[in-house]
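The block underneath contains the structure these notes are about, expressed in structure tokens.
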Amino acid sequence: MDQTPPAPAASLAAREVLATPAEKITGVGRRWAVLLARLGIHTAADLLFHFPRDYEDLSDERLIAELAEERLQRVRGTVVEVGTASSGFGKTRVSILVRDASGDLRATWFNQPFMRKKFRAGQHLLLTAKPKQRGLMWEMMHPQITWLAEEEAQSTGRQLLPIYPLTDGISQYHMRRMVELAVTQYAGVPEEVFCPRLLGQYKLVPLAEAIPSIHLPDDQAALDRARRRFIFQELFVLQLAIAVRRGQQQARNAPQLVATAKIDARIRRLLPFELTASQQEAIAEVSADMAQDRPMNRLLQGDVGSGKTIVALYAMLVAVAHGRQAALMAPTEILARQHADTLGSLLQASRVRYGVLAGSTAKRERETMLAELAAGKLDVVLGTQAMIQDRVRFKNLGLVVIDEQHKFGVRQRAALRQEDHWPHYLVMTATPIPRTVAMTLFGDLDVSTLRQLPSGRQSVNTYLVEADAEQRWWAFVRDRLREGRQAYVVAPLVDESTTLTAPSVAAAYEQLTNGELEAFRMGLLHGRMAAGEKQQVMDDFRAGEIQVLVSTSVIEVGVDVPNASVMTVAGAERFGIAALHQLRGRIARGTHAPFCGVLVGEAGETGRERLAAFVASSDGFELAELDFQIRGPGDLFGTQQHGLPPLRIANLQRDRQLLAEARRAAQALVDADPGLSHPDHAKLRRQMLTRYGKALELGDVG
Ligand code: ADP
Ligand code: MG
């Protein structure tokens with residue numbers, strides 16, 4: 001018997017009405033519906049929730065006759081004349097005459113002859129600039145222009161004009177009109193998602209008010225209220241999903257793997273160095289989690305070189321001590337093999353059995369390993385995503401470690417698991433996660449942080465190398481090589497170019513072997529090489545056979561060769577700051593003073609600024625925040641990578657206060673009603689499941 005109460009008739013009717021196809025909306029019609037579909041707008045509801053991306057502030061709009069000097073103002077008028085004049089010395093001047101009911105205004109552009117083509121007599125414009133009076137005529141130099149439709153030639157008295165995301169064939173005007181049609185006909189239909197109690201508690205304006213206000217705000221205050229409501233809603237629903245997921249995870253069973261004093265002592269005897277205080281702390285946190293009968297879900301973050309691996313290996317050995325299997329997944333095969341080497345050198349005489357499962361593992365070997373894992377004959381497997389693709393079956397999986405979490409998606413984490421119980425999870429990242437992102441995308445994880453580098457570790461001396469100083473830089477690199485050090489040269493993988501300043505890695509290699517570094521043994525490494533080839537190059541570099549490794553950022557993650565202490569980065573403006581910091585971390589591993597030269601090359605103004613910030617700071621957390629501010633979370637954790645649908649109106653950086661509030665609110669609601677089964681919460685629950693049910697594998701909530 002179906003136990004769910006039938007949905008109230010009203011809500012069914014509302015849903016049907018909102019599903020009205022765009023072409024059936026009075027005033028829209030088939031022709032426009034086809035274009036709207038390109039923006040993913042298919043129904044009345046889609047149009048209602050197609051939010052403006054910005055607004056034009058018309059509160060300072062005036063009649064030409066009422067302009068005042070030296071203040072930013074707007075006028076609305078019609079083009080009556082377009083002209084070009086050349087003012088000698090090859091300079092051009094485009095000027096147009098614009099008229100409104102009160103008078104004329106001249107708008108002028110110097111040395112932008114192409115502007116002339118943009119204007120015709122009869123066009124309606126909105127011009128924004130600080131005007132000047134010249135004789136009897138008002139003039140605007142290089143004003144900002146918005147082209148208006150015939151219907152917008154007269155001011156509507158609105159202070160804020162919405163600006164929508166568009167597609168070819170739809171103008172702002174037409175989009176405004178279609179949204180307005182939808183708002184007039186349907187704005188009252190969608191049912192409120194929040195119950196009255198939540199609306200009151202978080203001071204949210206009701207949906208029926210917010211929809212018209214976000215599209216056609218009466219004033220800035222009304223717009224702010226509407227935006228706050230939708231941003232809060234978006235963040236709240238996301239945080240609900242995360243809180244629910246967290247609750248589900250805590251309800252799961254996992255094996256209790258206690259690091260007893262005996263086990264702890266046995267593992268510590270294997271470690272080749274004193275742990276840092278940070279590492280001790282992280283190990284204590286991990287051990288406490290693994291001792292519980294519900295799965296650990298911990299993120300271990302720490303700057304490059306802070307020594308995360310050893311924390312992971314400790315946890316893996318605890319699992320093995322309990323007769324459980326442990327799996328480590330790394331983003332590249334090089335890294336997986338390197339972790340295997342580290343593990344091997346720790347274990348030496350011990351009986352722990354481990355293997356590497358990666359793309360290049362031969363079929364026979366792979367099949368043997370899969371069989372051994374299923375039979376419990378292998379204790380530890382280290383590998384790449386190949387592990388997931390192979391759907392590895394374990395006899396007794398106790399722990400999964402994921403290295404460089406930001407390279408994997410949320411969902412991939414869940415792919416390694418056991419039928420009857422869940423393994424403990426430890427995920428690691430060297431890209432420190434800005435607090436706001438941690439709260440959002442990784443809101444279901446506990447966090448340990450290694451704030452300290454192992455002692456004796458030096459921060460990298462980093463320089464911006466201008467074009468005229470490049471020769472001196474290479475001389476410096478040669479000196480270090482002659483002292484016995486090794487060096488990296490990092491360049492982006494692009495094919496077209498030939499100079500070191502906009503390099504392809506192959507061209508850089510070519511140029512250096514025949515030029516600045518011709519006296520040294522060089523190697524080339526990039527992602528398009530076969531796995532075996534890559535491994536060979538890495539082995540040769542590690543053994544010192546190769547002195548200079550020219551590489552793409554495939555070495556970004558985790559590669560560890562202590563004798564390499566010099567790095568040159570070409571085409572640096574193509575890398576994010578966080579990525580550059582990771583790269584530079586490759587040379588801060590040994591006891592030799594590390595040096596990093598960033599060839600500035602053709603970096604533009606903003607590129608240069610970013611690079612300067614990178615040179616000035618050696619704090620990965622600070623740089624991650626900076627990167628986040630400049631590029632937003634999308635780039636740091638590409639949306640495809642984290643696998644969540646993109647946010648439509650909220651911005652994690654800008655709205656971080658609201659995010660914190662939404663997070664507290666969501667947690668409070670889930671604490672009170674874990675399954676969101678109260679009728680008051682039914683709509684929130686449905687929205688949460690529609691949006692995040694699949695991405696976060698929420699299953700049947702409640
Ligand atoms: P990351 O956090 O970037 O993954 P690793 O775990 O690769 O860093 O460690 C970086 C280097 O530091 C390795 O060579 C490792 O052996 C060394 N290391 C880690 N912890 C310590 C320590 N407590 N004392 C000395 N060296 C350490
Ligand atoms: Mg690492």
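Just so you know, ligand 1 is whichever comes first in the structure, and atom 1 is the first atom listed for that ligand.
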> What part of E274, side chain from CB on, backbone N/CA/C/O, both or neither, has a heavy atom under 4.0 Å from ligand 1?
Replying inline: backbone
> Can you name the residues that form a salt bridge (Lys or Arg N to Asp or Glu O under 4.0 Å) with R451, not counting sequence neighbours?
Replying inline: none
> Would you call E483 and R480 a salt bridge, taking side-chain N to carboxylate O under 4.0 Å as the test?
Replying inline: yes
> What are the atoms of ligand 1, with element, lying closer than 4.0 Å to any heavy atom of T276?
Replying inline: 23 (N)
> Can you check side-chain contact (heavy atoms from CB on, under 4.5 Å) on L512 and F520, steps first, answer last?
Replying inline: CA-CA 10 Å; L512 289 170; F520 303 93; over 6 Å; no
> Heavy atom under 4.0 Å from ligand 1: found in T309's side chain, backbone, both, or neither?
Replying inline: both
> Looking only at atom types and distance, does a side-chain atom of H322 sit under 3.5 Å from a main-chain N or O of R324, one as donor and one as acceptor?
Replying inline: no
> Is ligand 1 less than 4.0 angstrom away from at least one heavy atom of G302?
Replying inline: no
>> Below the 3.5 angstrom mark, is there an N/O of G307, backbone or side chain, next to an N/O of ligand 1?
In response: yes
>> For P454, which part has a heavy atom under 4.0 Å from ligand 1: side chain, backbone, both, or neither?
In response: side chain
Could you list the donor-acceptor pairs under 3.5 angstrom formed by side chains in residues 370-381, with sequence neighbours left out?
residue: D379; atom: OD1; partner: R353; partner atom: NH2; Å: 3.1
residue: D379; atom: OD2; partner: R353; partner atom: N; Å: 2.8
residue: D379; atom: OD2; partner: R353; partner atom: NE; Å: 3.2

